[in-house]
Novice: 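Please see the structure below; I have some questions.
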There are 2 protein chains.
Amino acid sequence: MAVSPTGYVILGMLRHEPRTGYGIKQVVDHSTRFFWAASYGQIYPELRKLAKAGLVEGESQPQGGRKRTVYRLTPAGREELSRWLGEEPEVLEVRDEGLLKLFFASAGPPETALQTVDARQRFYEAKLAQLREIEPRASAAADDGDPYPDVVLRYGIESCDWAIRWCERAREELGKQDTKRRRAA
Amino acid sequence: MAVSPTGYVILGMLRHEPRTGYGIKQVVDHSTRFFWAASYGQIYPELRKLAKAGLVEGESQPQGGRKRTVYRLTPAGREELSRWLGEEPEVLEVRDEGLLKLFFASAGPPETALQTVDARQRFYEAKLAQLREIEPRASAAADDGDPYPDVVLRYGIESCDWAIRWCERAREELGKQDTKRRRAA
DNA sequence: ATACTCATGTAAGAAGTTACATGATTAC
DNA sequence: GTAATCATGTAACTTCTTACATGAGTAT
């Protein structure tokens, strides 16, 4: 039984401590979602598959009358996670509607390109703010023994910085082109 | 009848001249595939849907005994493309297995993080080489009146540059951590 | 001849999102 | 009491990839 890409996200999220499906979703949303998202529609069915494959183990731990299943890695799950970590990364997919719109901008009204760049900058500024908000937590976790989430988070922050600066440069360049075109007309 | 995301890629690829489905795939593979890919399994069915919706028009232009259908934008298709270009970009999805592996690296053997960073750098170097190869063509197209594909291509090149430099920095940092850990042990 | 490119298409399936349904607990 | 949070799950759907099938034209 093959583990799906998101299955490995789940295994990874259980590497330090057991969690509920709900808990996994919370952590994903505050960490990996910027480069790998996961919805309940994936998490719950996948947890069952992983349990059937013997890679995780669920234990019922109700709180009051509220049903609750906490999952932990089995030794086999820990091994499978480690094996996967040693494999060459393969998936790197991007679907970037903004770049697409900029690429095709000549087919739209003249303000298309600038608008698209502006929207892009706003997007990255919002993303940057979100990342800065969660950084302290990752930094604390780093002092606690696992430096990698913080390394990845800083990658996210720095790449946002870069993207924002690119937008600023692009705006300048596009402005010049506008001037040229206006002169030519 | 709603146009799918990839439908807009097709409309966009027809903005300057008519093309076959095969031709669209070629252009995508040499331009947008780095931020929006498309397979035959999407292109051919989608072309039919777009034709049914009146956004493109197919004309049979066999070459010898070889069947061949060339599609062009209809006025309605051009309008729909332009309308879409004016909308705020929404989709920006990333699925980055390398960052995931780095994030979880503490659960793997000690060399995991460095290996993952190395693989990442190789990946971006290969991508950079591909982009540099197609750049002259985009640059020529820019002189021909449409500057935007070249702008986007240079975004790709510069972001690869940035990512490669990040990998180099990360390797240094991870090396230091290794040293620290070895001293502590 | 044979390999490559041009060209069109489908079927099966993987992967993931959205929307919905349900209900207990906790904080204000 | 009521809103937010914790918690689990499914069904329908969209999107996309992979693998396969087919066949003509072109270059060596």
Novice: Provide, to the nearest angstrom, the distance between the CD atom belonging to B/Glu97 and the C1' atom belonging to C/dG16.
Specialist: 16 Å
Novice: Cation-pi check, B/Lys127 to B/Phe34: give yes when NZ or CZ is under 6.0 Å from the six-membered ring centre and within 45° of the ring axis, no otherwise.
Specialist: no
Novice: Mapping B/Lys67 and A/Tyr40 onto DNA chain C by nearest heavy atom, which one lands closer to the 5' end?
Specialist: B/Lys67
Novice: Would A/Arg165 and A/Tyr124 count as a cation-pi pair here, with the cationic atom under 6.0 angstrom from the ring centre and within 45° of the axis?
Specialist: no
Novice: Reckon B/Thr20 touches a base, only the sugar-phosphate, or nothing at all at heavy-atom distances under 4.0 Å?
Specialist: sugar-phosphate
Novice: What's the verdict on side-chain contact (heavy atoms from CB on, under 4.5 Å) for A/Glu88 and B/Arg122, showing C-alpha distance, side-chain angles and the deciding distance?
Specialist: CA-CA 11 Å; A/Glu88 190 96 346; B/Arg122 284 196 302 279; 3.0 Å; yes
Novice: The side chain of A/Pro5 lies closest to which of these nucleotides: C/dA15, D/dT8, D/dT17?
Specialist: C/dA15
Novice: Does C/dT17 have OP1 or OP2 under 4.0 Å away from a side-chain N or O of A/Ser39?
Specialist: yes
Novice: Atom OH of A/Tyr8 and atom C1' of C/dA14: how far apart are they, to the nearest Å?
Specialist: 15 Å
Novice: Whole Å only: how far is the CG atom of B/Asp29 from the P atom of C/dT5?
Specialist: 13 Å
Novice: Figure out the CD/C1' separation between A/Glu46 and D/dT8, and round it to whole Å.
Specialist: 16 Å
Novice: Does A/Lys101 reach the main-chain N or O of B/Trp84 with its side chain, forming a donor-acceptor pair under 3.5 Å?
Specialist: yes
Novice: Within the structure, does a side-chain N or O atom of A/Arg66 lie under 4.0 Å from either OP1 or OP2 of C/dT25?
Specialist: no
Novice: Heavy-atom nearest nucleotide on DNA chain C for B/Gln26 versus B/Glu93: which residue maps closer to 5'?
Specialist: B/Gln26
Novice: Out of C/dT8, D/dT17, C/dT18, which has the shortest distance to the side chain of A/Arg95?
Specialist: D/dT17
Novice: Report the nucleotide, chosen from C/dT10, C/dA15, D/dG9, that has the shortest atom-to-atom distance to any side-chain atom of A/Tyr44.
Specialist: D/dG9
Novice: Tell me whether the side-chain N/O atoms of B/Arg48 come closer than 4.0 Å to OP1 or OP2 in C/dG9.
Specialist: yes
Novice: Under 4.0 Å between a side-chain N or O of B/Gln42 and OP1 or OP2 of D/dT17?
Specialist: yes
Novice: Are any of B/Thr6's side-chain N or O atoms less than 4.0 Å away from OP1 or OP2 of D/dC16?
Specialist: yes
Novice: Quickly work out the B/Tyr22 OH to C/dT8 P distance and round it to whole Å.
Specialist: 10 Å
Novice: Expressed in angstrom and rounded to an integer, what is the separation of B/Ile43 atom CD1 from D/dT15 atom P?
Specialist: 15 Å
Novice: Rounding to a whole Å, what distance do you find between A/Lys49:NZ and C/dA15:C1'?
Specialist: 9 Å
Novice: Just the rounded figure in Å: distance from P of C/dG16 to CG of A/Leu47.
Specialist: 14 Å
Novice: Under a 3.5 Å distance rule, please check whether B/Arg66 uses its side chain to pair with a backbone N or O of B/Gln63 as donor and acceptor.
Specialist: no
